[in-house]
Amino acid sequence: MTTQAPNTDASGKADYRSTLNLPDTPFPMRGDLPKREPQWVKQWEEQGLYPKLREARQGAPKFILHDGPPYANGQIHMGHAVNKILKDMIVKARQLKGLDAAYIPGWDCHGLPIENAIEKKFGRKLARDDMQAKSRAYATEQIDQQRADFKRLGVLGDWDHPYRTMDFKTEANEIRAFKRVIERGFVYRGLKPVYWCFDCGSSLAEFEIEYADKKSQTLDVGFLCNEPAQLAAAFGLSALEKEAFAVIWTTTAWTIPANQALNAHPELTYALVDTERGLLVLAQDLVTACLERFGLTGNVLATANGKALGGIHFKHPLAHVDAGYDRLSPIYLAEYVSATDGTGIVHSAPAYGVEDFNSCVAHGMAYDDILNPVQGNGVYASELPLFGNQQIWKACPVIIDALRDAGRLLATENIVHSYPHCWRHKTPVIYRAAAQWFIRMDEGVGIFTKDKAPQTLRKIALAAIENTAFYPENGKVRLRDMIAGRPDWCISRQRSWGVPLPFFLHKDSGELHPQTMEILDIAADMVEAGGIEAWSKASTEDILGQVGCAADAPHYTKSSDILEVWFDSGTTHTTVLKGSHAGAGHEDGPEADLYLEGHDQHRGWFHSSLLTACAMYGRAPYKGILTHGFTVDSKGHKMSKSAGNGVDPQETSKKLGAEIIRLWVAASDYSGDIAGDDKILARVVDTYRRVRNTLKFLLANTQDFDPSVDTVPLADMLEIDRYALSRAAQLQADVLAHFEIYEFHPVVAKLQIYCSEDLGSFYLDILKDRLYTTAPKSLARRSAQTALWQITQAMLRWMAPFLSFTAEEAWSVLGAAGKTPQATRESIFMDTYSAMGEVDVGLLAKWARIREIRDAVNKDIETLRANGQVGSSLQANVMLTVGPDDHALLASLGEDLRFVFITSAIDLVAGDAMSISTRASNGIKCERCWHYRDDIGVDTAHPTLCGRCTSNLFGAGETRTVA
């Protein structure tokens with residue numbers, strides 16, 4: 001660094017600046033992140049860093065964060081970036097802890113969005129084989145694009161060997177997983193109303209539904225009584241003098257053509273009301289509201305309990321308009337009916353409502369008798385009278401007009417109400433009865449049960465939730481409530497691009513082939529060898545022939561259904577961690593330590609993974625669940641490209657650097673929504689600069705420090721250096737505690753304060769004089785460098801999970817100087833957290849008080865500076881009066897007190913309370929150390945230097961004991 005003798009300028013004058021130990025480092029002040037980061041990504045890839053990390057942790061305890069697969073469709077957005085960066089930070093933090101923290105990235109590849117993309121490009125008439133081939137090629141292209149973007153964000157993982165749900169082995173293992181669920185007694189086939197999306201052309205799972213406002217027309221409709229004598233008797237009357245109508249209220253006019261029953265509550269009181277429109281049957285509590293809505297007057301003739309109405313038949317409201325509707329609707333008694341609103345009587349179209357379906361079936365209606373005129377595309381079947389071939393939403397006003405013309409409409413009005421929508425297409429869905437395959441939540445009989453589970457799936461799943469840790473904790477209640485109330489899981493879809501349901505159904509009875517379980521094994525082996533395409537191309541004769549039943553082929557139909565994609569991703573705990581990437585999973589126990597996704601996945605991946613694991617193994621597939629919020633703008637609106645309020649990760653990386661995105665994610669409280677825009681990112685840039693500048697100072701002032709030679713033992717270090725190490729140890733304990741529970745934003749906040757206040761405005765500020773002016777190899781300087789070296793080592797590791805590029809860059813500077821161990825020189829992630837010493841609580845308390853007093857003194861000096869009386873604190877002379885305890889505290893610093901307060905002189909006076917008197921120094925400024933001293937020129941050979949500088953340069957050197 002420097003020599004003791006000063007250089008001279010051209011005139012022969014001594015250049016004392018050359019004698020200072022000025023800091024120097026190849027670590028640049030400017031991050032130049034957009035330029036440097038891609039070089040690191042390339043270097044990590046070329047040096048095979050990820051395999052080396054696995055090798056470095058071979059035999060260590062494992063930490064498994066199982067990747068919830070993003071869908072292989074389209075460019076990644078900021079939500080993807082947040083998710084992948086959070087996962088990366090957690091994995092890296094566990095890696096630095098010394099664990100074998102593997103990260104296998106994955107992609108969800110099957111399903112409707114890719115089919116839609118292919119249909120838009122090639123049309124809707126593609127053969128199944130063609131659709132599958134084009135979908136596989138498309139998904140491969142999308143994965144390559146997304147993988148490059150994820151790498152650019154600094155995410156380390158096994159990018160050369162990710163998992164893809166379309167990998168042949170994964171597809172095959174999914175069939176094997178399905179077989180296991182069957183064996184446990186959970187799978188059955190049934191006709192049930194399921195959510196149906198016309199745009200998807202398929203059923204939807206509960207997880208695929210979101211609620212949004214929808215405008216609908218309500219209608220109150222009268223059903224003419226077909227058995228007036230029985231109705232009169234129910235109300236205790238001898239006869240009815242007018243036509244009587246049971247009145248229903250609904251928001252789904254399109255279901256009226258499929259009406260087959262009416263439902264009343266057995267315990268409600270119903271009134272027979274005489275009006276201008278005839279006798280109306282209404283819930284007694286709703287009579288006034290109904291008459292007002294109908295614009296009628298009326299009086300109650302009699303009342304009856306709901307039980308008395310059971311079994312009475314009423315005519316379809318269009319029975320007299322078209323013979324196709326000339327049918328009767330009996331009143332069934334049902335507990336779900338209420339008198340909260342409407343009329344207290346519910347119209348039942350069993351094909352289009354779960355409660356309607358259950359009520360009708362419970363009262364003996366056969367599946368074959370259930371009317372289901374709505375086709376999969378949302379159009380009424382052509383044979384439906386009056387409304388055939390009409391799209392149901394467009395038919396609603398037509399139906400209302402028909403009811404009005406028939407004299408059966410009592411009222412109608414427009415309302416806006418919450419309604420289920422497809423979460424992909426954002427379009428309204430309906431319940432629609434269809435023969436589907438289900439996973440049963442409660443008691444019941446499954447197909448081909450071999451190893452029946454001891455409890456229902458609902459009970460197993462609820463118990464598993466109790467044994468799962470949630471971050472944040474409120475996720476537990478959310479998932480528990482969803483499992484507690486969810487219906488059976490419909491797992492079949494009527495699409496092409498997905499894992500097949502390898503079933504053969506008898507053409508007459510609809511029963512499964514008796515060799516189904518053997519067929520499942522054949523299907524799995526076939527798919528493992530050639531993908532789902534191999535199964536699609538195989539004929540019924542070929543497959544049944546392999547189980548010795550070729551003669552059955554003419555009597556069986558090969559199912560064209562696929563397993564829904566939530567079963568794909570929901571079984572990756574076994575298809576990936578026990579299958580394609582078995583080495584990345586735990587050998588026993590839950591396969592993953594953590595699942596991490598957005599909070600919407602309580603109804604998605606967390607949900608489906610829980611149900612499949614509980615069905616297969618009787619436990620959850622994870623020890624913990626972490627959820628994060630959505631990315632939103634500064635106003636709290638969800639980021640969206642269409643809304644123009646999104647922050648693009650690709651553009652931000654090019655402009656500011658991926659490191660800024662990483663720091664933004666780390667600094668955000670992910671438990672809620674994560675706000676970001678240009679202003680927020682600008683503040684993140686300021687934080688980054690503060691950290692980088694601090695890091696540059698640390699590296700620059702340890703450039704000539706060789707830790708193997710120059711380290712000063714803790715007992716010999718100056719007190720403030722020991723304090724600094726104790727403070728760093730305290731902070732590290734906090735940091736690692738936060739990392740343990742997957743918290744990063746408190747770490748960023750504490751790191752920022754540490755760099756700004758603990759280091760920048762206190763310790764490093766005090767240290768500069770000692771670092772720069774004392775002899776290069778003096779105890780005073782080496783003590784400081786020992787502390788700085790240990791702080792640098794620790795701080796780089798704290799930063800590394802989120803500021804990965806910067807930590808790696810700084811680590812390379814140390815490695816180039818030969819200061820890091822050879823085994824970990826390639827990457828900081830090969831290393832582990834620093835072993836910091838014990839936290840000296842007494843020392844921390846002592847210096848906390850000193851800092852308080854110092855802040856008060858600095859405030860007084862700042863007043864003089866603002867008035868122009870002094871230029872810097874070194875120009876100030878301070879008289880400090882303090883109480884006995886503080887006096888003893890400060891007196892223990894001895895002559896070093898002035899260095900702590902960064903003044904040229906400080907007089908310490910014992911008194912009753914603190915008082916501060918500050919004035920400008922009368923001394924002369926030393927050319928070398930800039931202190932104002934009375935001993936300037938004591939050495940006539942160096943007339944511009946103070947006594948301590950001449951001693952440090954040419955004598956024994958000054959003695960420092962504290963600071």
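Nothing fancy with the numbering, it's 1 onward along the sequence. Note that these values count all heavy atoms, side chains included, but never hydrogens, waters or copies made by symmetry.
Of the candidates I439, D488, V445, I182, Y188 forms a side-chain contact (heavy atoms from CB on, under 4.5 Å) with just one, namely D488. With respect to H513, the ring pair (Phe, Tyr, Trp, His ring centres under 6.0 Å) criterion is satisfied by exactly one of F503, F504, Y556: Y556. When each of W423, F606, W489 is tested with W566 by the rule ring pair (Phe, Tyr, Trp, His ring centres under 6.0 Å), just one qualifies, namely W423.
The stretch residues 142-166 participates, sequence neighbours left out, in these ring-ring contact (aromatic ring centres under 6.0 Å, His included) pairs: H66-Y163.
Atom NZ of K507 has more than 12 heavy atoms from other residues, nucleotides or ligands within 6.0 Å. The environment of CD in Q58 is sparse: at most 12 heavy-atom neighbours from other residues, nucleotides or ligands sit within 6.0 Å. Counted within 6.0 Å of NZ on K120, heavy atoms from surrounding residues, nucleotides or ligands total 12 or fewer; the atom is thus considered open. The 12-atom threshold is exceeded at NZ of K52, counting heavy atoms of other residues, nucleotides or ligands nearer than 6.0 Å.
Figure legend: cation-pi geometry between R54 and Y50, with NZ or CZ positioned under 6.0 Å from the six-membered ring centre and within 45° of its axis. For the pair K87 and Y103, the cation-pi criterion (under 6.0 Å, within 45° of the ring axis) is not fulfilled. For the pair K97 and F739, the cation does not sit on the ring face, since its NZ or CZ is not both under 6.0 Å from the ring centre and inside 45° of the axis. For the pair K558 and W535, the distance from NZ or CZ to the six-membered ring centre is under 6.0 Å and the angle to the ring normal is within 45 degrees. In this structure, K476 is not positioned above the aromatic face of F470 in the sense of NZ or CZ being under 6.0 Å from the six-membered ring centre and within 45° of the axis.
When atom types are taken as modelled, the side chain of D67 and the backbone of G106 share a donor-acceptor pair closer than 3.5 angstrom. Although no hydrogens or angles enter the test, the distance criterion places no donor-acceptor pair under 3.5 Å between the side chain of R440 and the main chain of G446. Without hydrogens or angle criteria, D673 side chain to F630 main chain gives a donor-acceptor distance under 3.5 Å. For R458 (side chain) and R486 (main-chain N/O), a donor-acceptor pair under 3.5 Å exists by modelled atom type. Under the 3.5 Å distance criterion, the side-chain polar atoms of T572 are left unmatched by any main-chain donor or acceptor of D568. In terms of modelled atom types and a separation under 3.5 Å, the side chain of T612 and the main chain of G570 share a donor-acceptor contact. At least one donor-acceptor pair under 3.5 Å links the side chain of T571 to the backbone N or O of F567. Of the possible polar contacts, none joining the R94 side chain to the L65 backbone as a donor-acceptor pair under 3.5 Å is found.
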Would L610 and Y622 count as a side chain to side chain contact (heavy atoms under 4.5 Å, CB included) here? Give the steps.
CA-CA 8 Å; L610 176 67; Y622 35 65; 3.2 Å; yes
Check the pair F178 / V499 against side chain to side chain contact (heavy atoms under 4.5 Å, CB included), numbers first and verdict last.
CA-CA 10 Å; F178 180 54; V499 175; over 6 Å; no
Salt bridge (charged side-chain N to carboxylate O under 4.0 Å, His left out) between D149 and R152: does it pass, once the steps are laid out?
CA-CA 5 Å; D149 287 342; R152 177 64 185 86; over 6 Å; no
Evaluate D525 against R176 for salt bridge (charged side-chain N to carboxylate O under 4.0 Å, His left out), listing each step before the verdict.
CA-CA 9 Å; D525 293 343; R176 295 177 181 120; 3.0 Å; yes
Could you walk me through whether Y419 and Y211 satisfy the side chain to side chain donor-acceptor pair (under 3.5 Å) test, starting with their C-alpha distance in whole Å, then the side-chain angles of each, then the deciding distance to 0.1 Å, before giving a yes or no?
CA-CA 5 Å; Y419 190 87; Y211 282 81; over 6 Å; no
For the pair E597 and N83, evaluate side chain to side chain donor-acceptor pair (under 3.5 Å) and give the outcome as yes or no after the intermediate values.
CA-CA 7 Å; E597 299 302 326; N83 180 267; 3.1 Å; yes
D542 vs S539, test: side chain to side chain donor-acceptor pair (under 3.5 Å). Steps then yes/no.
CA-CA 5 Å; D542 289 342; S539 68; 3.1 Å; yes
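Of all heavy-atom pairs spanning A101 and V91, the tightest one is O-CG1, 3.3 Å. The two residues T574 and Y617 make their nearest non-hydrogen contact at OG1-OH, 2.7 Å. Smallest separation of non-hydrogen atoms from Y71 and C109: OH-O, 4.0 Å. In plain terms, the two heavy atoms of F448 and M517 that are nearest each other are CB-SD, 3.7 Å. Looking at every heavy atom in both residues, G154 comes nearest to K92 through O-NZ, 2.8 Å. P193 approaches A351 most closely through the heavy-atom pair CB-O, 3.9 Å.
Between D167 and R164 a salt bridge is recorded (basic side-chain N to carboxylate O distance below 4.0 Å). Ion pair E518/K179 not flagged as a salt bridge, since none of the NZ, NE, NH1 or NH2 atoms sits closer than 4.0 Å to an Asp/Glu carboxylate oxygen. Between R136 and E533 a salt bridge is recorded (basic side-chain N to carboxylate O distance below 4.0 Å). Using a 4.0 Å cut-off between charged side-chain N and carboxylate O, K452 and E183 make no salt bridge. By the 4.0 Å N-to-carboxylate-O rule, D88 lies too far from K84 to be salt-bridged with it.
Between the side chains of S203 and R493, at least one donor N or O lies within less than 3.5 Å of an accepting N or O. Counted by atom type alone, N116 and H425 present one or more donor-acceptor pairs between their side chains at under 3.5 Å. In the model, Q132 has a side-chain atom that pairs as donor or acceptor with a side-chain atom of S536 under 3.5 Å. No hydrogens or angles considered: a donor-acceptor pair under 3.5 Å links the side chains of Q436 and S492. Looking at Q546 and E541, their side chains never bring a donor and an acceptor atom within 3.5 Å of each other. No hydrogens or angles considered: nothing links the side chains of H421 and T427 as a donor-acceptor pair under 3.5 Å. Under the 3.5 Å distance criterion, with hydrogens and angles disregarded, a donor-acceptor pair is assigned to the side chains of H110 and E171.
Residues passing the salt bridge (charged side-chain N to carboxylate O under 4.0 Å, His left out) test with D481: none are found, sequence neighbours excluded. D593 is linked by a salt bridge (charged side-chain N to carboxylate O under 4.0 Å, His left out) to K623, counting only residues two or more places apart in sequence or in another chain. Considering only residues two or more places apart in sequence or on other chains, F357 meets the ring-ring contact (aromatic ring centres under 6.0 Å, His included) condition with Y367. The salt bridge (charged side-chain N to carboxylate O under 4.0 Å, His left out) test applied to E174 returns no partner, not counting sequence neighbours. D451 meets the side chain to side chain donor-acceptor pair (under 3.5 Å) test with R180; sequence neighbours excluded.
The side-chain heavy atoms of E564 and C490, taken from C-beta on, include no pair separated by under 4.5 Å. Contact of the L626 side chain with the Y670 side chain is registered, since non-hydrogen atoms from C-beta on lie closer than 4.5 Å. Using a 4.5 Å heavy-atom threshold, the side chains of V194 and L204 count as separate.
In this structure, Y352 has its ring center at least 6.0 angstrom away from the ring center of Y431.
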